[in-house]
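Input: a single structure, listed below in structure tokens.
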There are 2 protein chains.
Amino acid sequence: MYTIGQISEMFSIPVSTIRYYDKEGLFPDLERQSGIRKFSEREVEALRVIECLKASGLEIRDIKRFMEWTTEGSASYERRKQLFETRKEAVEEEINQLQRTLDMLKFKCWYYETAIADGNEDRIYEMLPDRLPPDIQKLYDNAHH
Amino acid sequence: MYTIGQISEMFSIPVSTIRYYDKEGLFPDLERQSGIRKFSEREVEALRVIECLKASGLEIRDIKRFMEWTTEGSASYERRKQLFETRKEAVEEEINQLQRTLDMLKFKCWYYETAIADGNEDRIYEMLPDRLPPDIQKLYDNAHH
DNA sequence: CTAACACATAAAGTTGACTTTAGGTCAAGG
DNA sequence: CCTTGACCTAAAGTCAACTTTATGTGTTAG
């Protein structure tokens, strides 16, 4: 059993944020001893799931819905699985998007390295849009539509 | 030359958002003809950069600073390159983080597939925390610190 | 005994990135 | 001529996710 302060330490999350999560219903079965929250391993795992679902782009109110499902036992296995499948696809798409962003950033790094070496952007303009060095051309094409 | 409506179409961004970007100073040299904004290829490329920097996690006020640098010509090449290098590292870190999130999600998908097959979570609890199938163990370990 | 801590609440405030609203100009079509 | 549609502005409103503030309780250390 942990206090809110210990959980805060453990996850490097402010105490106020954990109280906020509790207020929003993210710990449906959290116990209390004379008003004081007592966090068990169940809540520790819940917080890991909260961080995961948050990182996947889910909003607090939807995380709350999920946490309510966990109190229904085996009746909600299918819904819970569906949620994780959907989140998995969303994160895969997000990673793809970031990969394209990364290609644009790499292109811009090359762009300014070249501009610094030349003192101007003239030579780059002559190479644009389809006479760039092969590896750079790939980045450029991937990033520009 | 494009009107704000054409740019809105081109990028699938609301007109109000483009006006907001302009108000925030993201198009430092935007021309106007009797009050009406005229977007050139320069602004089209600027908007591509805005989307890229936004996706990299940069805030509007910092994107504004970058756009001001572009009006300084070759004097700011070094600063601009530095910014893209930093953003590149931030996005690489973000992708790593999302990869760990993805491993957690894949683990949870397996978890509920197994729970659905068994009708309960008993067998999973017996495998936790270090007797999981090898490929699943990898996901679990990667996701749990 | 009292001061310092860790805990608690309710309610108000903050932040960033938009979006909406209310009002106005101007050119073209029926 | 008058309505429609695309443009304009300034200012207020929205939303999610916290954070801060003001106030209070209960236990422990000097």
Side-chain angles (χ1 to χ4, degrees), chain A residues 1-40 43-44 46-68 87 90 94 97 101, chain B residues 1-40 43-44 46-68 87 90 94 97 101:
Chain A
M1 287 293 189
Y2 309 95
T3 65
I4 199 167
Q6 289 170 321
I7 296 288
S8 165
E9 277 283 292
M10 195 181 296
F11 282 87
S12 303
I13 296 177
V15 166
S16 62
T17 304
I18 303 169
R19 291 213 184 95
Y20 164 73
Y21 287 168
D22 184 27
K23 202 177 60 172
E24 294 300 303
L26 266 42
F27 305 114
D29 294 338
L30 182 65
E31 277 180 53
R32 288 184 181 238
Q33 279 170 22
S34 53
I36 310 262
R37 294 174 182 84
K38 292 293 163 184
F39 295 79
S40 69
E43 276 78 36
V44 171
L47 211 32
R48 276 196 282 260
V49 172
I50 289 167
E51 297 215 304
C52 168
L53 290 177
K54 232 165 60 78
S56 86
L58 209 64
E59 296 184 6
I60 300 291
R61 61 164 157 279
D62 297 317
I63 300 178
K64 176 197 167 139
R65 275 204 314 148
F66 172 81
M67 290 303 170
E68 287 166 355
R87 288 295 92 203
E94 174 75 5
Q97 167 57 40
T101 298
Chain B
M1 287 294 190
Y2 309 95
T3 64
I4 199 167
Q6 289 170 321
I7 295 287
S8 164
E9 276 283 293
M10 194 181 296
F11 283 87
S12 304
I13 296 176
V15 166
S16 62
T17 303
I18 302 169
R19 291 214 184 94
Y20 164 71
Y21 286 167
D22 184 27
K23 202 177 59 169
E24 294 300 303
L26 265 43
F27 306 114
D29 293 338
L30 182 66
E31 277 180 52
R32 288 183 181 236
Q33 279 171 21
S34 53
I36 309 259
R37 293 174 183 85
K38 294 293 164 184
F39 295 79
S40 70
E43 276 78 36
V44 171
L47 210 32
R48 276 196 281 259
V49 172
I50 289 167
E51 297 214 305
C52 168
L53 291 178
K54 233 165 60 78
S56 85
L58 209 64
E59 296 183 5
I60 299 291
R61 60 162 157 280
D62 296 318
I63 300 177
K64 176 197 168 139
R65 274 203 315 147
F66 172 80
M67 290 303 170
E68 287 166 355
R87 288 296 92 203
E94 174 76 4
Q97 166 58 41
T101 298

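In what follows, chains carry the letters A, B, and so on, assigned in the order in which the sequence lines appear, proteins first and then strands, with residues in each chain numbered from 1.
Using a 4.5 Å heavy-atom threshold, the side chains of Met67(A) and Val49(A) count as touching. Within the 4.5 Å cutoff, the side chain of Phe39(A) has no heavy atoms near those of the Leu47(A) side chain.
Using a 4.0 Å cut-off on heavy atoms, the residues of residues 4-11 of chain B that approach DNA chain D are Ile4(B), Gly5(B), listed by number. Contacts with DNA chain D (heavy atom under 4.0 Å) in residues 23-34 of chain B: Arg32(B), listed by number. Of the residues in residues 47-58 of chain B, none lies under 4.0 Å from DNA chain D by heavy-atom distance.
With sequence neighbours left out, Thr3(A) forms a side-chain contact (heavy atoms from CB on, under 4.5 Å) with Gln6(A), Lys38(A). Every residue two or more places apart in sequence or in another chain that forms a side-chain contact (heavy atoms from CB on, under 4.5 Å) with Ser40(A) is listed here: Met1(A), Arg42(A), Glu43(A). In this view, Phe66(A) and Phe84(A) satisfy the ring pair (Phe, Tyr, Trp, His ring centres under 6.0 Å) rule, not counting sequence neighbours.
Applying the salt bridge (Lys or Arg N to Asp or Glu O under 4.0 Å) definition to pairs two or more places apart or across chains, those involving residues 8-22 of chain B are Asp22(B)-Arg32(B), Asp22(B)-Arg37(B). Residues in residues 3-26 of chain A take part in no ring pair (Phe, Tyr, Trp, His ring centres under 6.0 Å) pair, two or more places apart or across chains.
Heavy atoms of Arg61(B) sit under 4.0 angstrom from primed sugar atoms or phosphate atoms, though from no base atom. Backbone-only engagement by Arg37(A) is indicated by non-hydrogen atom pairs under 4.0 Å involving sugar-phosphate atoms exclusively. Using a 4.0 Å heavy-atom distance criterion, Ser16(B) is classed as a base contact.
Glu24(B) contributes atom CD, which lies 11.0 Å from atom CD1 of Ile50(B) (distance to the nearest 0.5 angstrom). Atom CD1 in Ile18(A) sits 11.5 Å away from atom CG in Leu26(A) (nearest 0.5 Å). If you take CD1 on Ile7(B) and OG1 on Thr17(B), they are separated by 13.5 Å, rounding to the nearest 0.5 Å.
Put simply, chain B comes within 4.0 Å of DNA chain D, heavy atom to any atom, from dC7(D) to dT9(D), going 5' to 3'. Put simply, chain A comes within 4.0 Å of DNA chain C, heavy atom to any atom, from dC7(C) to dT9(C), going 5' to 3'.
When the shell of 6.0 Å around CD of Glu68(A) is examined, it contains more than 12 heavy atoms from other residues, nucleotides or ligands.
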Which side-chain N or O atoms in residues 56-64 of chain B pair as donor and acceptor under 3.5 Å with protein atoms at least two apart or in another chain?
from	atom 1	to	atom 2	distance (Å)
Ser56(B)	OG	Leu53(B)	O	2.7
Glu59(B)	OE1	Arg61(B)	NH2	3.0

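Nearest heavy-atom pair across Val15(A) and Gly5(A) is CG2-CA, 4.4 Å. Contact detail for Ala55(A) and Thr101(B): the closest heavy-atom pair is CB-OG1, 3.5 Å.
Residue whose closest nucleotide on DNA chain D sits further toward the 5' end, between Pro14(A) and Asp22(B): Asp22(B).
Taking the screw axis at each terminus of the helix from dC1(C)-dG30(D) to dG30(C)-dC1(D) from five consecutive base pairs, the angle between the two is 20° to within rounding of 10 degrees.
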